[in-house]
Amino acid sequence: MVKKLKWNVIGLMLLMFLNMASAVRAQQLKTSSLPVKQFAHPERIRYDGACMNIEGKDVFIYSAAFHYFRCPQELWRDRFRKIKEAGFNTVETYIAWNWHERTMPSGLDDYSKLDFKDLKAWLKMAQEEFGFYTIVRPGPFLCAEWSGGGYPRWLAKFGPGKGGLWLRGADPEHIKWSVHWYNAVSKALAPEQITRKKKGQKGIIMFQIENEYDAHGTKDKEVFLKALYHSYKNNGIDVPLFTCLTGQTRASKDSELSQVFDCDNYYVANLSDAPSCARRMFDLRRRQSNAPGFVTELQGGWFSLVTGTLSEEHYSDARHFKAIGLMSMLGGGTGINYYMFFGGTHFEGWGARGMTTSYDYNAAIRESGATGPKYFAAKALGEFIHTYGSKLVRSVGGPCELQDAPKALFGGLRIAPDGTKFVFLHNTDPNKPLKGRVTVVPGKVAQSTEPIYNVNQNGEKVLIKTAAVANENTSATETFAVDFNLPDLGTQVLVIPPGATPEQGKWCLMEPENPVRPAVNIAPIRIATALRYDDPVNEAKWKSLPKETSLSDVGINDFRYNLYRSKVTLSAADIQQENRLLFNMFTRDIVSVQINGKIPKRLFPDKADAQTWITRGAHSRIRPNEFDNRFDVTGLLKEGENEIVVAYENLGHAHGYVPMEELAGIKQAGLSTTDTLLTRPLQWELAVDVAGVTKGFTSPSFKADKWEHIALNTQDEIPRKGNGVQPKGEQTGLFTWYRVEFSMPEKDAKVWMPWMAKINASGNGYMWLNGHNIGRHWEAGPQREFFLPECWLNFGTKKNVLVFGLRQTVNGAAINAVEVMPYPESAEVKQ
């Protein structure tokens, strides 16, 4: 009896081997029509239609997105440690061109303005201290909710300034400057490739070309992609090159673009849509049979917008996080990169136009560094990959038919070369658990008439076209039944060893338990008083400004506040006729105005304080006779000399469409008798900073002896989020400063906890913590809590200084209340 059972098991394994061999032969036939992949150092890194192979070992790439430019360098080690403890073997980052080349170079061959010190430090820490493989994505376009999508503002000087979109296209000037950027990145990072390291050392394993190119309607994309490809190759980049959502490289037959493989990005439409990840990955593997199934961006949450909702309100939760990861694996994914795994903060206003200072992203590691349920779901996935990744990377299968299954149940089967079966089951119902018994039919692909969507950067659902699939599965074996018990939106994997029955299998990835948080008995620090001072605009450092000079022309490519000033002598007749002040802008930003010390009535836009017009004109260029800021100056001008002072608010560099291609600043402005024509253009002076910045108001050591003392509200609860909950006042000036001081308790040697400030104020501007710019304050909301990095705080007896520089809106610039406190339920016991 034992001998008979043994031969039955051997026969079953032989049948599975023959089935898989047949599948491999079919795959080879598909692949044979494609150009052969070439690898400069195949003994160090290569790939095939299954997975990455690094130093002779098949590797499942489990990657976490972590942007060095969204986190203080002093906190990198903490974030890396948490990523490592969650089981990741790789970290990924965008590389933002505008972050590294902030000043316009003298020409294409001038690389002197580039600075890669922080990127190299990040790579060194990731690779050498924490043992991560690294993936880099230099754009040139990132999206990433980052200023300009990564393009420097000064680049607009080289564009045609008319017609369709210029950036991301095959325009010769755009190509030349993008190659300038790629040359610089390649030369800086070539030594960091794993192919340049000693055997066993970690390094960069993948370089990306462009980003989500399918989303952009440019012509001649192949021309641009090849120019970037040549730059990489000419500068010694010899690790695998990839794109994401770029049809020109997906299973390309071109001799050069065929050496680049394409990846998917999965942002699903709702909590119940995780099965689309399996279907899309299955489709990617069929279309691109000579490369691994890789998800460059697997949805880790979502960003937040000014006047919108915070990331914490996004539907994605730990159940969703786990489901989309496992469904990607079911479809054949052998590389996944969670975007974002740690989001971070838009310090110094580097977020794209319309973005909040917080880039928390509802990520597994929160903006503050705290961890929550998503993090522990990631850790469970990491343990699963660590245990079974070597079997999964060369498994065959995918979504399959489940007989007698409830409608909410989705799943499939993958079989490893040694016969190990992985049964993936997912309950798509977010509100009800599922329990029962189901029959797995490996020979039939799970067909669906449901449309598949991806969510774009505007939160819009985009229909995804997938190829028709045959009604068969490459891992065909006999049917078998399994018992399941899934919580609401639960996902589990039954691992059945070779030759074992389903009853002998092991269910993996049960719901992880979150650790108990240590009790924190620290009362919030409510600040009772503040110092106030209006910016002394006439003490700013003024310089004459030639006509139609942009901020980039004077070396400003960041997002500070600027001042403009004009002095004009008028007659009584002039005053009678010219009752309009008009501004023609380089881009649609906001200005506030004082005329002879008084505030004129704003005619347009009427809600300049709320940033509700940020998308206006996204597809059209500003005309020479278009005036996006208009004021009624009736009764404010006088005979003789008049002084007009303007505070310019840079709303941020847009990361898409026409505003991405525009310079910043006031192009021309002056008085008029009408809303559509300048009858008296004025000559302007510029101060590159408000006076308070040049006078050192942001420094913690500044002596604010002449500032006004004001009492703050210490009784009412401060709203922790919300739109339109700021104090209601009126505009009395242009720009106002506030300064508050507070003391922190001593650090607890055994407990780590992050800190924040809750703020109720009107006005738009920036905040400085002990001299560090911690980001923008947008009066409109919804953000009312701001991260205070512990590396910039003083604990114990030394005072902390928080400085606000605020442009006055129609509600003025008034601070009602400030409170400093630990993030609730975020403390952790130190390791």
Side-chain angles (χ1 to χ4, degrees), residues 12-28 30-31 47-54 57-62 89 264 275 277-286 288-295 324-336 381-402 410-426 440-446 469 472-480 482 491-500 502 505-509:
L12 179 60
M13 291 183 70
L14 180 61
L15 175 63
M16 288 192 299
F17 174 79
L18 290 173
N19 282 330
M20 285 189 289
S22 176
V24 169
R25 284 197 299 273
Q27 190 85 334
Q28 287 172 341
K30 292 179 190 176
T31 307
Y47 62 81
D48 56 21
C51 62
M52 284 285 171
N53 185 284
I54 302 176
K57 180 180 178 182
D58 291 341
V59 179
F60 190 111
I61 303 298
Y62 190 38
N89 57 19
D264 266 348
C277 297
R279 294 191 177 106
R280 287 183 63 185
M281 178 55 70
F282 191 72
D283 180 67
L284 174 65
R285 297 293 300 273
R286 291 176 68 88
Q288 186 178 247
S289 55
N290 61 350
F294 203 104
V295 189
I324 61 176
L326 287 173
M327 290 299 97
S328 298
M329 294 182 207
L330 169 59
T334 57
I336 57 176
L381 284 170
E383 291 171 356
F384 177 72
I385 292 169
H386 178 75
T387 304
Y388 298 109
S390 60
K391 298 179 184 291
L392 279 169
V393 288
R394 294 201 178 273
S395 64
V396 292
C400 68
E401 183 179 313
L402 305 175
F410 179 84
L413 172 69
R414 298 199 68 81
I415 302 179
D418 69 351
T420 302
K421 295 189 183 75
F422 297 89
V423 182
F424 292 75
L425 293 179
H426 171 55
V440 179
V441 187
K444 289 187 177 181
V445 173
V469 294
E472 63 182 3
N473 193 298
T474 56
S475 57
T477 64
E478 62 185 25
T479 63
F480 57 93
V482 297
T491 315
Q492 294 173 11
V493 183
L494 177 63
V495 181
I496 306 172
K506 174 186 176 183
W507 283 103
C508 299
L509 291 142

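As the structure is a computational prediction, the values presented were derived from the model and not from experiment. Keep in mind that the numbers below use all heavy atoms, side chains included, and drop hydrogens, waters and symmetry copies.
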Exercise. Show your reasoning for whether side-chain contact (heavy atoms from CB on, under 4.5 Å) applies to F294 and I61.
Key: CA-CA 9 Å; F294 203 104; I61 303 298; 3.8 Å; yes
Quiz item: Which heavy atom of Y388 sits nearest a heavy atom of K506, and at what distance?
Solution: OH-CD, 4.3 Å
Quiz item: From L326 CG over to C508 SG, what is the distance, rounded to the nearest 0.5 angstrom?
Solution: 10.0 Å
Quiz item: Taking C-beta and beyond as the side chain, do F422 and F384 meet within less than 4.5 Å on heavy atoms?
Solution: yes
Quiz item: In chain order, what residues pass the side chain to side chain donor-acceptor pair (under 3.5 Å) check against T334, with sequence neighbours excluded?
Solution: none
Exercise. Find out whether F424 and L494 are in side-chain contact, i.e. whether some heavy atom of one side chain is under 4.5 Å from a heavy atom of the other.
Key: no
Practice problem: State, with a plain yes or no, whether a side-chain heavy atom of L402 is found less than 4.5 Å away from one of V440. | Solution: yes
Self-check item: Residues that N89 engages under side chain to side chain donor-acceptor pair (under 3.5 Å), provided they are two or more places apart
Solution: none
Quiz prompt | Distance, nearest 0.5 Å, that separates CG of L425 from OG1 of T491 | solution = 9.0 Å
Self-check item: Spacing of L284 atom CG and S289 atom OG [to the nearest 0.5 Å]
Solution: 10.5 Å
Quiz prompt | Minimum side-chain heavy-atom gap H426-P275 below 4.5 Å | solution = yes
Self-check item: Qualifying residues under side chain to side chain donor-acceptor pair (under 3.5 Å), relative to S395, sequence neighbours excluded
Solution: R414
Self-check item: Residue list, ring pair (Phe, Tyr, Trp, His ring centres under 6.0 Å) with Y47, at least two apart or on another chain
Solution: F39, F261
Exercise. For side-chain contact (heavy atoms from CB on, under 4.5 Å), just list the numbers for V493 and W507, CA-CA rounded to whole Å, side-chain angles, deciding distance to a tenth of an Å, and then say yes or no.
Key: CA-CA 6 Å; V493 183; W507 283 103; 5.8 Å; no
Practice problem: Please test M329 against I385 for side-chain contact (heavy atoms from CB on, under 4.5 Å), starting from the C-alpha separation and ending with a verdict. | Solution: CA-CA 10 Å; M329 294 182 207; I385 292 169; 3.6 Å; yes
Exercise. Measure the spacing between OG of S328 and CZ of F282 and express it to the nearest 0.5 Å.
Key: 14.5 Å
Exercise. Evaluate side-chain contact (heavy atoms from CB on, under 4.5 Å) for I415 paired with T420, printing each intermediate quantity in order.
Key: CA-CA 6 Å; I415 302 179; T420 302; over 6 Å; no
Quiz prompt | Non-hydrogen side-chain atoms of D48 and N290 separated by less than 4.5 Å | solution = no
Quiz item: Can you name the residues that form a side chain to side chain contact (heavy atoms under 4.5 Å, CB included) with D58, not counting sequence neighbours?
Solution: C51, N53, V393, R394
Practice problem: Kindly indicate whether the side chain of F410, heavy atoms from C-beta on, has any atom under 4.5 Å from the side chain of R279. | Solution: yes
Practice problem: Give, for atom CD1 of I336 and atom CG of D264, the distance between the pair rounded to the nearest 0.5 Å. | Solution: 13.5 Å
Quiz item: Can you list the residues that meet the ring pair (Phe, Tyr, Trp, His ring centres under 6.0 Å) rule with F60, with sequence neighbours excluded?
Solution: none
Quiz item: How many angstroms lie between atom CE of M281 and atom CE of M327, to the nearest 0.5 angstrom?
Solution: 12.5 Å
